[in-house]
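Report on one structure; see the data block that follows.
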Amino acid sequence: MAQTPPSPQQTTAPALPAGADCLMQTYLRSPLVLVSGHGARVQDQTGRSYLDFVGGVAVNLLGHCHPHVVEAVRAQAGQLLHVSNLYYNDPQLRLAQELVRHSFADQVFFCNSGAEAVEAAIKLARKWAKQHRPIHDSEQDHEILAMAGSFHGRTMGALSATGQPKLQKGFEPLLPGFRHVPYDDLDVVAKAITPLTAAVIVEPIQGENGVCIPHPGYLTGLRRLCTEHNVLLIFDEVQTGMGRTGRLFAYQHEEAAPDIMTLAKGLGGGLPIGAMLATRRVAESFTPGSHASTFGGNPLVCSAALATLEVIHSEGLLPLCHEMGDYLLGKLQVLRSRRSNISSEVRGKGLLVGIELLTAGRPIMEACLAEGLLINVTAERVLRLMPPLIVTRHEIDEAVAILDRVLSTADA
Ligand SMILES: *Cc1c(COP(=O)(O)O)cnc(C)c1O
């Protein structure tokens, strides 16, 4: 094979930071060490600043270090960090009340991540089905219908629910009891529901699959089917929840309330917390001993989540998210029409936006990083933008200008 000289990119690529070698190689990381952040910007160890449109993958809902969240965490850290769920703690009680007040749900189970919230949802759905949809053939078990292309997390149960064989490969045997059907197709769900079906689990928008938005009426259609057949409807709102799409929960765009909902990512405004919410009639299938989490609903993370919810409401971030999302989408539509030989579609709801390219997304993402803009790539060819809900028009203009420059170079 001919020796090719190293490309300029390879020779100037920064060395990996000390310690990188001690981390398991589970991520394709950019070689930045981020050390501080404020609002929509982060700084690396060299002092270089970046406009952050990754936002910790939809976690940093209020940007970096929102003063109200920082203050709440500081105050709570000085008062009580952790107590066991053998007792109550005030931030957990208050957060549960707030989530119940703002959603379809009557009760909440707290955990620490999205995958854990999905695990809790799977367990609750199975327990409920055993009590409410008994199977009279001892050879058979309940199953949960999930969607092709979905993402529900990396633990074995959540991974088995996930509809992406490439993520499952090498980790078999998977958990039995899941069947995948195409996304955004009500007819296949209608045909797939049987007496064995316990629940249908679905993302209101498939985030990891490239920001795939189903047709209007899909969620209400699922609600109708599940009610008709007495099957549970589970919405995985780990990515779409907490205002990301312009409503507190994405299901509220269609008024199609689920029986169970999972939350994580943006919930703690940057701290790790997950939650599984349900109506009382379903939640009652869990009794003392059914499920648990040592850290779940710890006072520190709950105080951060409470502060985040307070800011979402006090700063009017839901209408703002809607407005800024439309502004960003509008600017990207214009950009797409001018760069139509590289970008085929732009789609989004609120501040969850995808730009589908005709080529691989990673080189574009790297070129944006070099220009001071952090964005993310999903499904190989989709640039995903998840700026914080406090993003300004000026920051959106700046990000779109960088994207335009990068795409015009790639286009040339
Ligand atoms: C990110 C994500 C998860 C997994 O969350 P983790 O906190 O990484 O375990 C589950 N479901 C959806 C829809 C997600 O976007």
Side-chain angles (χ1 to χ4, degrees), residues 37 39-40 42 52-70 72-73 91 95-96 98-99 101-103 105 108 110-118 121 151-153 203-208 211 235-253 258 261-277 296-298 300-322 324-325 328 348-354 374-376 378 384-391:
V42 281
D52 184 3
F53 273 38
V54 173
V57 189
V59 166
N60 298 307
L61 213 59
L62 309 180
H64 295 280
C65 300
H66 189 286
H68 189 62
V69 177
V70 170
V73 170
L95 180 59
E98 283 300 298
L99 290 174
R101 192 157 74 86
H102 289 290
S103 75
V108 186
F110 288 110
C111 52
N112 314 284
S113 68
E116 280 180 55
V118 169
F151 183 81
H152 297 294
E203 297 156 274
I205 295 174
Q206 287 190 336
E208 296 303 308
V211 191
F235 284 159
D236 182 349
E237 293 233 26
V238 166
Q239 188 156 155
T240 53
M242 303 316 294
R244 174 59 47 193
T245 70
R247 302 292 301 264
L248 194 56
F249 307 111
Y251 78 80
Q252 292 169 331
H253 289 285
M261 175 169 73
T262 53
L263 297 175
K265 292 204 166 91
L267 178 58
L271 264 68
I273 177 170
M276 188 271 289
L277 288 69
N298 149 317
L300 188 74
V301 297
C302 288
S303 66
L306 272 169
T308 302
L309 258 173
E310 278 162 20
V311 173
I312 289 173
H313 290 117
S314 69
E315 294 187 12
L317 294 184
L318 297 177
L320 198 64
C321 171
H322 191 73
M324 290 299 136
L328 173 60
K349 203 163 220 165
L351 289 168
L352 178 58
V353 172
L374 304 184
I375 58 169
N376 169 252
T378 62
R384 185 172 43 166
L385 312 183
M386 298 157 287
L389 272 46
I390 48 97
V391 73

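Because the structure is predicted, anything quoted here is derived from the model rather than measured. Side chains are part of it too, since the values below use all heavy atoms of this structure and drop only hydrogens, waters and symmetry mates.
When the side chain to side chain donor-acceptor pair (under 3.5 Å) test is applied to Glu237, the partners found at least two apart in sequence or on another chain are Thr240. Evaluation of the side chain to side chain donor-acceptor pair (under 3.5 Å) rule for Gln206 yields Asn209 as partners, not counting sequence neighbours. Scored by the side-chain contact (heavy atoms from CB on, under 4.5 Å) test, Ala40 finds Leu51, Pro388, Glu395 as partners (sequence neighbours excluded).
The two residues Thr308 and Leu267 come nearest to each other via the heavy atoms CB-O, 4.1 Å. Taking both residues in full, the closest heavy atoms of Val73 and Ala304 are given as CG2-CB, 3.8 Å, listed atom of the first, atom of the second, then distance. The shortest non-hydrogen separation linking Asn60 to Gly269 is OD1-O, 4.4 Å. Of all heavy-atom pairs spanning Ala117 and Ala275, the tightest one is CB-O, 3.4 Å.
Counting only heavy atoms from C-beta outward, the side chains of Arg384 and Leu352 approach each other to under 4.5 Å. Using a 4.5 Å heavy-atom threshold, the side chains of His313 and His102 count as touching. No side-chain heavy atom of Val391 sits under 4.5 Å from any side-chain heavy atom of Leu328. For the pair Phe249/Pro204, no side-chain contact is recorded, criterion being any heavy-atom separation below 4.5 Å from C-beta on.
Ring orientation note: the planes of His68 and His66 are nearly perpendicular, at an angle over 60° on the 30°/60° scale.
A distance of 8.0 Å separates CG of Leu351 from CZ of Phe53, quoted to the nearest 0.5 Å. Between the CG atom in Leu317 and the CG atom in Leu309 there is a gap of 11.0 Å [rounded to 0.5 Å]. Taking CD of Glu208 as the start and OG1 of Thr378 as the end, the distance is 6.5 Å to the nearest 0.5 Å. Remark: Leu263 CG to Asp236 CG distance equals 9.0 Å, nearest 0.5 Å. Between the CD1 atom of Ile312 and the CG atom of Leu62 there is a distance of 6.0 Å, given to the nearest 0.5 Å.
Judged purely by atom type and a 3.5 angstrom limit, His253 uses its side chain to pair as donor or acceptor with the backbone of Thr245. Here the side chain of Gln239 pairs no donor or acceptor atom with the backbone of Ala58 at under 3.5 angstrom. In this structure, the side chain of His322 does not engage the main chain of Leu318 through any donor-acceptor pair within 3.5 Å.
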